[in-house]
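Since the structure comes first, as structure tokens, the remarks are kept for the end.
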Protein chains: 2
Amino acid sequence: MNNSLLNLTEAKNARSMVEAAYGLIRADILNGVLAPGERLRVEVLKDRYEVGASTLREALTRLVGDALVTSEEQRGFRVAGISLQDFADLTRTRKLIEAEALAQSIIHGDEEWEANLVAAFHRLSKVEQARTPENIALYTDEFEVRNREFHRALIGACPSRWLMQFQGILFGQSERYRRISLNSRGMPRDVHSEHKAIVEAALARDADRARKLEEEHIEKTLEVLSHLVVTLAEVQD
Amino acid sequence: MNNSLLNLTEAKNARSMVEAAYGLIRADILNGVLAPGERLRVEVLKDRYEVGASTLREALTRLVGDALVTSEEQRGFRVAGISLQDFADLTRTRKLIEAEALAQSIIHGDEEWEANLVAAFHRLSKVEQARTPENIALYTDEFEVRNREFHRALIGACPSRWLMQFQGILFGQSERYRRISLNSRGMPRDVHSEHKAIVEAALARDADRARKLEEEHIEKTLEVLSHLVVTLAEVQD
DNA sequence: ATAATAAAAAATCTCGAAATTTTAGTTGAC
DNA sequence: GTCAACTAAAATTTCGAGATTTTTTATTAT
């Protein structure tokens, strides 16, 4: 895994110790190194991430804002829990937010937005091509970054600061779930075609169609994970 | 003003110094004691709120999560700015979120939800009755609390954690703008009738109608403030 | 005068020890 | 055997001095 590389990059780019710790812990939560529900003891983590107690605490408080960490007064911090129920809620809300943001983006988008979108789609396609069943784990991080950038490019011309902020939080959340379903072979799925159809609708300025396709695209993630959970439940007993 | 009373209550209920400072600063931002765009110097505020630097910093970081404070690395914290443009965005997004939450609440609501809603509406009505043009400033805080509780009761049965969280953030934001338009006499408005109509639609389990009324209700706030800004602009020159 | 550079001031950011609170374990009364 | 009170251990939370960075002021050269 090249997690350490990714983490190192984030740490280097950080302009303060709080930001560095924030980035490292965030990556560890998304990658499952810090498991859902796990306690985040200040005494332990301050040594692991090599920062003081107050600095660590501030980083954790930032993560509470992203809803990746929960805190209970006088009882410390925990990695936010996950559940199929929560993922269903997350998906529904993402559909609402992201589809609306996309529609607004299509309405307000200029030529630069179009160019960025085509570029982001191209970059994502390249990674998708390079990924084969054998090397899939190797490309997870890169795919994740490109995928985020593609979805971000789609709504890049949305003028609503609030929709953008909420989209960011929800998308970050969904990454945790996606990494579970990505590495395992669940239902067969042609993500590339889904993306392609959305781009075409967006460039054609068909907001309604793009909205619908985006909703279906997001919904599919839930279907895949639901299928996976059922499969796991069958195996367990 | 009985701000100090309200603040004291919040401070007493706090289970930690961070929470106490968070509550006090939040109230001061909502009340305009700390003005939009104002710098929040750690050295100054730690004395004002009687906490250590790290504790204050953590409280401010929590407020960043509420988008009431912004922070720039190595350049400190500021009270988040306000603008008519931002309020328009806020209102649009609130309509999207709150209307959806209301619709879901109506679908899932049980008898207890109904009872709570009727009770919250009654309490709000009492405060509205007590408010006259002379004593309006006196009841601002109480009205604000009851108003928030009423709107919270409306969506009390919404099962989506995410919609509830975003609603909370957006509603908190809008309080800043509402306090500007409340104390000044803008356009005449019958808020009570608007609330009444929403409650009736909710109890009749008419999700579509309730959604529409809620959207209109939220939209009205924007109209009032827009009108006020125009008036102020005329006066200024 | 203007711009570039350096020194001083001011502010943010960081750390870890000390205070406070919670949790776990033990004893003793009923 | 159960529950309550007490004690010890562990963990969270808090503080403020010191390190680092930014901003302001002063100085010098062009």
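Convention: sequence-line order gives letters A, B, ...; per-chain numbering from 1.
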Under 3.5 Å, sequence neighbours excluded: what are the donor-acceptor pairs made by side chains of residues 59-67 of chain A?
{"residue": "A:T61", "atom": "OG1", "partner": "A:R57", "partner atom": "O", "Å": "2.8"}
{"residue": "A:R62", "atom": "NH2", "partner": "B:E73", "partner atom": "OE2", "Å": "3.3"}
{"residue": "A:D66", "atom": "OD2", "partner": "A:Y22", "partner atom": "OH", "Å": "2.4"}

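- D:dA11 atom P lies 13 Å from atom CZ of A:R78, rounded to whole Å.
- Atoms CD (B:E58) and C1' (D:dT12) sit 10 Å apart, rounded to a whole Å.
- Panel note: side chain A:D89, backbone B:R161; a donor-acceptor pair is recorded below 3.5 Å.
- The CD-P distance, from B:E72 to D:dT21, rounds to 16 Å in whole Å.
- Partners of B:R48 under the salt bridge (Lys or Arg N to Asp or Glu O under 4.0 Å) rule, at least two apart in sequence or in another chain, do not exist in this structure.
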Output a table of nitrogen or oxygen pairs between the protein and nucleotides 19-22 of chain C separated by less than 3.5 Å.
{"residue": "C:dT22", "atom": "OP1", "partner": "B:R15", "partner atom": "NH2", "Å": "3.3"}

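- Here the CD1-CD1 distance, from B:I97 to B:I218, works out to 10.0 Å after rounding to the nearest 0.5 Å.
- For the segment residues 37-55 of chain A, the set of residues with a heavy atom within less than 4.0 Å of an atom of DNA chain D comprises A:R39, A:L40, A:R41, A:V42, A:E43, A:S54, in numerical order.
- Under 4.0 Å is where a charged nitrogen must lie from a carboxylate oxygen, and between B:E175 and B:R179 at least one such pair does.
- By the 4.0 Å N-to-carboxylate-O rule, A:E144 lies close enough to A:R178 to be salt-bridged with it.
- Every residue two or more places apart in sequence or in another chain that forms a ring-ring contact (aromatic ring centres under 6.0 Å, His included) with A:F171 is listed here: A:H151.
- When the ring-ring contact (aromatic ring centres under 6.0 Å, His included) test is applied to B:F87, the partners found at least two apart in sequence or on another chain are B:Y177.
- Between the CE atom of A:M17 and the P atom of D:dT21 there is a distance of 11 Å, given to the nearest Å.
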